[in-house]
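Here's the structure we're looking at; comments come further down.
Predicted model, so just to flag it, every value in this text is computed and none were measured. For this chain, numbers begin at 1 and follow the sequence in order.
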Amino acid sequence: MTNVNPQTNLPNHASEATLNDLHKSQNAVVLLSGGLDSVTCLYWAKARYASVTAVSFNYGQRHNSELVAAKAIAKTAEVNHRIIDIDIAQLGGSSLTDHSMIVPDGDADKFPNKKHDEIDNDAIPNTYVPARNTIFLSYALAVAEVADANHIVIGVSSVDYSGYPDCRPEYIAAFEHMANLATKAGVTGHHLSIQTPLQQLSKAQTIELGLSLGVDYGQTISCYQADVNGLACGVCDSCALRRQGFIQAGVADPTHYQAQYQS
């Protein structure tokens, strides 16, 4: 098993033990899609903070299986869960929201350990939803103010990912800076942080972290084009990266696949 050491944006002037004690009295908002990464973040936050609010989005995505999964996961984890309706689909520009576009087949070797500073626009797949993380984080920021939360947790990674520009560390740092300029909490001295515990983890390491926290990955759905029963296609980029992660972690893949892609 790989040694997992999640990154948690620790200030230099405070020890990890001191911050852990502080966090136990603080609240967090977790972006919960119902997929592997976000559920790992949910359980990571539950183990760390006093109270957790999970936020999911009905944004006009290709299928609602992930929302069904998110509801079940939040219930199992016994956390407050909010589903926010926004219509990103009307903007188009992504195969995840535009049914006239084709979701490309995945190639897990296409983005092996891609560095965050090697973004190539030609390598960004059409599953990228323009400004999605910025939109989601903005809503989560509003929820954090209402819920008196000091932290927003998001499952972005710079290691095993599809090349999305809004998963990079410099983007997260920039959003955190903006958040503390733009909110009542920020300007009154209540610093808000964006936590990215998976930022430097591979899919295999993420799976190992989640299992250590008690995550049931059989509840999750990561597929870009799951069917009406919530069964994964097995061939899209997200399925390919997920399948590769379970193989590298040496763990049986609990994903529920469509019959023709059962392994």
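- Rounded to the nearest 0.5 Å, atoms CG (L36) and CZ (R242) are 5.0 Å apart.
- Under the 4.5 Å side-chain heavy-atom criterion for ILVMFWY residues, no single connected hydrophobic cluster contains both Y224 and V68.
- Taken together through direct or relayed side-chain contacts under 4.5 Å among Ile, Leu, Val, Met, Phe, Trp and Tyr, V143 and M178 form part of one hydrophobic cluster.
- Here the CG atom belonging to N133 is positioned 11.0 Å from the CD1 atom belonging to I194, to the nearest 0.5 angstrom.
- With a 4.5 Å cut-off on side-chain heavy atoms, F175 and S138 count as touching.
- Here the side chain of S157 pairs a donor or acceptor atom with the backbone of L201 at under 3.5 angstrom.
- The OG1 atom of T53 sits 10.5 Å away from the CG atom of D148 when rounded to the nearest 0.5 Å.
- For the pair Q248 and I207, the minimum side-chain heavy-atom distance is 4.5 Å or more.
- Partners of D85 by side chain to side chain donor-acceptor pair (under 3.5 Å), not counting sequence neighbours, listed by chain and number: N58.
- A continuous path of ILVMFWY side-chain contacts below 4.5 Å connects L213 to F246, so both sit in one hydrophobic cluster.
- Sequence neighbours left out, the pairs with a member in residues 179-188 that pass side chain to side chain donor-acceptor pair (under 3.5 Å) are N180-H191.
- Considering only heavy atoms from C-beta on, F57 comes within 4.5 Å of L31 through its side chain.
- Residues passing the ring pair (Phe, Tyr, Trp, His ring centres under 6.0 Å) test with H151 are H23, Y49, sequence neighbours excluded.
- The closest donor-acceptor contact from the side chain of Q199 to the backbone of C167 lies under 3.5 Å.
- Here the closest non-hydrogen pair linking Q200 and P169 is NE2-CG, 4.3 Å.
- Annotation for I221 and G230: closest pair CD1-O, 3.6 Å, computed over non-hydrogen atoms.
- Residues V153 and P197 form a side-chain contact, since some pair of their non-hydrogen atoms from C-beta on lies under 4.5 Å apart.
- Listed by chain and number, the residues in a side-chain contact (heavy atoms from CB on, under 4.5 Å) with S212 are L209 (sequence neighbours excluded).
- With rounding to the nearest 0.5 angstrom, the OG atom of S193 is 11.5 Å from the CD1 atom of I172.
- Minimum heavy-atom separation, V215 to T40: CG2-CA, 4.3 Å.
- Of the N and O atoms on the side chains of S33 and S38, at least one donor lies less than 3.5 Å from an acceptor on the other residue.
- Counting only heavy atoms from C-beta outward, the side chains of L198 and C41 approach each other to under 4.5 Å.
- Of the possible donor and acceptor atoms, none in the side chain of E66 sits under 3.5 Å from a partner among the backbone N and O of G34.
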Atom pairs and distances, side-chain donor-acceptor, residues 73-80, under 3.5 Å, sequence neighbours left out:
from, atom 1, to, atom 2, distance (Å)
T76, OG1, A72, O, 3.0
T76, OG1, Q219, NE2, 3.0

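- Atoms CD1 and NZ, on I247 and K203 in that order, are 14.0 Å from each other to the nearest 0.5 Å.
- In terms of heavy-atom proximity, A179 sits nearest to L192 at CB-CD2, 4.5 Å.
- When the side chain to side chain donor-acceptor pair (under 3.5 Å) test is applied to Y43, no partner is found at least two apart in sequence or on another chain.
- When every heavy atom of C233 is checked against every heavy atom of C223, the shortest pair comes out as N-SG, 3.1 Å.
- Residue I86 is grouped with residue V29 when hydrophobic side chains (ILVMFWY) are merged at heavy-atom distances under 4.5 angstrom, including chains of intermediate members.
- In this structure, S65 contributes its side chain and L231 its backbone to no donor-acceptor pair below 3.5 Å.
- With a 4.5 Å cut-off on side-chain heavy atoms, Y171 and V156 do not count as touching.
- A cation-pi arrangement is not found for R82 relative to Y139, the charged atom failing to lie both closer than 6.0 Å to the ring centre and inside a 45° cone about the ring normal.
- Atom CG of residue L32 and atom CD1 of residue I83 lie 9.0 Å apart, to the nearest 0.5 angstrom.
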Test log, rule side-chain contact (heavy atoms from CB on, under 4.5 Å), inputs L141 and L137: CA-CA 6 Å; L141 180 57; L137 282 170; over 6 Å; no
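- Under a 3.5 Å cut-off, the side chain of D253 and the backbone N or O of R243 do not form any donor-acceptor pair.
- When all heavy atoms of L181 and V187 are compared, the pair lying nearest together is O-CG1, 3.8 Å.
- Of the possible donor and acceptor atoms, one in the side chain of D216 sits under 3.5 Å from a partner among the backbone N and O of G218.
- By the rule that hydrophobic residues join a cluster once side-chain heavy atoms approach within less than 4.5 Å of another member, L211 and W44 end up as members of one cluster.
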